[in-house]
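Just so you know, these numbers use all the heavy atoms, side chains as well, and skip hydrogens, waters and symmetry mates. Below, chains carry the letters A, B, ... as their sequence lines are ordered, and counting in each starts from 1.
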2 protein chains.
Amino acid sequence: MADKHLLREVGHLETRCEDCALFSLCFAQDLSKEERDLLNTILKRQQPVERNEHLYHGGQSLKSVTVVRSGSVKAYQLSNDGDEIVSGFYLPGEIIGLDALASGKHPGGAVALEDSRTCEIPLKDFIRMLHGSPRLNQVMLNLLSEEMAETRELLLVVGRLDARTRVALFLLTMSRRLSRRNQDPDQFRLTMDRRDIANYLGLTIETVSRTLSALQREKVIEVHGKLVNVLDQNRLREQAAKTVDAGQQRRSA
Amino acid sequence: MADKHLLREVGHLETRCEDCALFSLCFAQDLSKEERDLLNTILKRQQPVERNEHLYHGGQSLKSVTVVRSGSVKAYQLSNDGDEIVSGFYLPGEIIGLDALASGKHPGGAVALEDSRTCEIPLKDFIRMLHGSPRLNQVMLNLLSEEMAETRELLLVVGRLDARTRVALFLLTMSRRLSRRNQDPDQFRLTMDRRDIANYLGLTIETVSRTLSALQREKVIEVHGKLVNVLDQNRLREQAAKTVDAGQQRRSA
DNA sequence: CGGTACTTTGAGGCGGCTCAAGTCGAGTGG
DNA sequence: CCACTCGACTTGAGCCGCCTCAAAGTACCG
């Protein structure tokens, strides 16, 4: 705990956004030089979050705009009956909790999947920046509608694709996102457990596990717990592209 | 066609936003008086759209911000394999195609489900207003994140609930939305066909039909083609609230 | 009225859920 | 360092809901 507070202080002293390794992935790159200078003075960098620690809870009011600096974060909502619905996973460079921008209240919660760090802009400062910068507004609208597109994509995946396709798509997406962060696209560690994956994909734990095993049997991937080794990108892509057609579902259209 | 052009002209002459019957449902109510005065001068009112006519196609660039004035509209996206994915239905007072605000290009298309009318703000004018009005920015962010919340809701519905619950929720939602527009919440006409409903809910036509029939057999509703008569709001709500638990799915959480 | 598109209804099969045992792996205490 | 434990993951058997395929019924429009 003492450590933590120490680190929070140290954060201020760190690099400027322009020098951050994640700059090319961060929304800060879309700002003008002046805006970034301002940002550099107010940004609280490298805030540590422990594994399983909440960044915020559902219903809580938005305190700051948060970018994942390292580690990974799970976002979820609660259904009417209190079930957790995993709505997304966030990797370094991505902004968390944008959906609270409008109402000022987080519709769901966010938890660190591993020890992580974040950069935070206090809401007050952020709002002030928003008022002064049409460009920042544009950037935010962009981010929101990007996330919108992603959610729509997930809608398609979760509602209409068979289990094998969902899992394949999940692996591919993770691979792609991780590789943009300088990790090996063919060998990575999933930071979330099977429960979270299943929940995210709208499947059961058992089905996810079985599907992973099947893909391994077919030498498309290798799995050892959270470690994934993609043996055959192409065939994995095929699985993901089958989109529908096979199993059930299709008609419509 | 001649008629149509005539009407487009006449549109300009109509009422001001403040006098519109839909004012309380329209985003215009959130603007300041000055902003609204400006809006009144640039808004193209009551643009007619024929049944099955497209408001825009996927990939097309955003020409104007559009509010449904009367009738109803279906929004859809195309999946990789060209399947239609119905992403929403829009009723009078609702804004269409906001998800194109960021990129400037519509990710999907929109078609009128019946002869309808719209109010349109040419994009140029709208952008100009955005630059001059932090408030309008806020309103837009609000609308976008509202739509985000809705899509997330749909995600839950489509991915995790059984057919009966999905259909019940759909009916309830339509009922609620229509009643806010001064229509009888217990007796209404669905403007979309079974195919669209099924697609929207991630089900097949047959399943939707069977479910409606079942609800009718149980005297919860009465259906005659597109006409729906809710006989027992409470029991319909029960069906929708069962959320999961019954059939399959649940675990997670 | 005949055609076409939409809707309903039925029979059957399959994917994924449920329930129920394992197996594995990391952390703990003897 | 090993035995133990507890949670995470895997695997299997069986069942159920929804999809598929097929055909009949119904409404709308020329």
Side-chain angles (χ1 to χ4, degrees), chain A residues 51-52 74 83 113-114 157-168 170 189-217 221-228 239 242-253, chain B residues 50-52 74 83 113-115 157-168 170 189-217 221-228 239 242-253:
Chain A
R51 183 174 139 89
N52 291 331
K74 167 182 83 171
D83 288 349
L113 289 169
E114 54 192 322
V157 171
V158 164
R160 297 171 159 85
L161 307 184
D162 63 28
R164 163 169 290 245
T165 310
R166 294 188 208 189
V167 171
F170 174 72
R189 196 178 61 84
L190 299 171
T191 57
M192 67 296 287
D193 62 20
R194 298 285 190 273
R195 174 181 305 280
D196 288 331
I197 299 176
N199 190 323
Y200 178 67
L201 295 176
L203 299 171
T204 55
I205 287 185
E206 295 97 320
T207 299
V208 169
S209 181
R210 268 188 263 271
T211 306
L212 288 173
S213 298
L215 288 173
Q216 179 165 45
R217 231 186 340 265
I221 60 172
E222 252 178 38
V223 203
H224 294 94
K226 298 199 187 314
L227 252 47
V228 176
Q239 302 298 333
K242 265 199 302 185
T243 307
V244 180
D245 227 290
Q248 36 193 46
Q249 221 98 278
R250 202 276 153 19
R251 94 248 111 272
S252 322
Chain B
E50 284 172 16
R51 181 175 140 91
N52 291 330
K74 165 181 84 172
D83 287 348
L113 288 169
E114 54 192 321
D115 291 349
V157 171
V158 164
R160 299 170 158 84
L161 307 183
D162 63 27
R164 163 170 290 245
T165 310
R166 295 188 206 188
V167 171
F170 174 72
R189 197 178 61 83
L190 298 171
T191 56
M192 66 297 286
D193 62 21
R194 298 285 190 273
R195 172 181 305 278
D196 288 331
I197 300 176
N199 189 323
Y200 178 68
L201 295 175
L203 298 170
T204 55
I205 288 185
E206 295 96 319
T207 299
V208 170
S209 180
R210 268 188 263 270
T211 306
L212 288 174
S213 298
L215 288 172
Q216 180 165 43
R217 217 171 305 123
I221 60 172
E222 252 178 37
V223 203
H224 295 95
K226 298 199 187 314
L227 252 48
V228 176
Q239 302 298 333
K242 264 198 303 186
T243 307
V244 181
D245 228 290
Q248 39 192 46
Q249 222 103 243
R250 189 212 199 58
R251 93 252 116 270
S252 323

Next item on the list: Go along nucleotides 8-14 of chain D 5' to 3' and tag each nucleotide: B for a protein heavy atom under 4.0 Å from its base, S when only backbone or sugar atoms are that close, - otherwise.
Entry: -SBBBB-
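Listed pair A:T204 / C:dC17 meets the phosphate criterion, a side-chain N or O lying under 4.0 Å from OP1 or OP2.
No side-chain donor-acceptor contact under 3.5 Å links B:R194 to the backbone of B:I205.
Distance check: B:L227 CG to B:I221 CD1 gives 11.5 Å after rounding to the nearest 0.5 Å.
At a threshold of 4.0 Å, the pair A:K226-A:E114 does not count as salt-bridged, since none of the basic side-chain nitrogens sits closer than that to a carboxylate oxygen.
One atom, CG of A:D196, and another, P of D:dG7, lie 17 Å apart when rounded to the nearest Å. Computed from coordinates, the B:R164 CZ to D:dC19 C1' distance equals 18 Å when rounded to whole Å. Put simply, CG on B:L161 is 14 Å from C1' on D:dC18, counting in whole angstrom units. What separates CG of B:L201 from P of D:dG17 is a distance of 19 Å, to the nearest Å. If you take CG of A:D162 and C1' of C:dG16, they are 10 Å apart, rounded to a whole angstrom. Put simply, CG on B:L227 is 15 Å from C1' on C:dT7, counting in whole angstrom units. Whole-Å rounding puts the B:L190 CG to C:dC6 C1' distance at 14 Å.
With sequence neighbours excluded, the residues forming a side chain to side chain donor-acceptor pair (under 3.5 Å) with A:D196 are A:K74, listed by chain and number. The side chain to side chain contact (heavy atoms under 4.5 Å, CB included) test applied to B:R210 returns B:E206, not counting sequence neighbours.
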Next item on the list: Check the pair B:V158, A:V158 against side-chain contact (heavy atoms from CB on, under 4.5 Å), reporting the backbone distance first and the verdict last.
Entry: CA-CA 7 Å; B:V158 164; A:V158 164; 5.7 Å; no
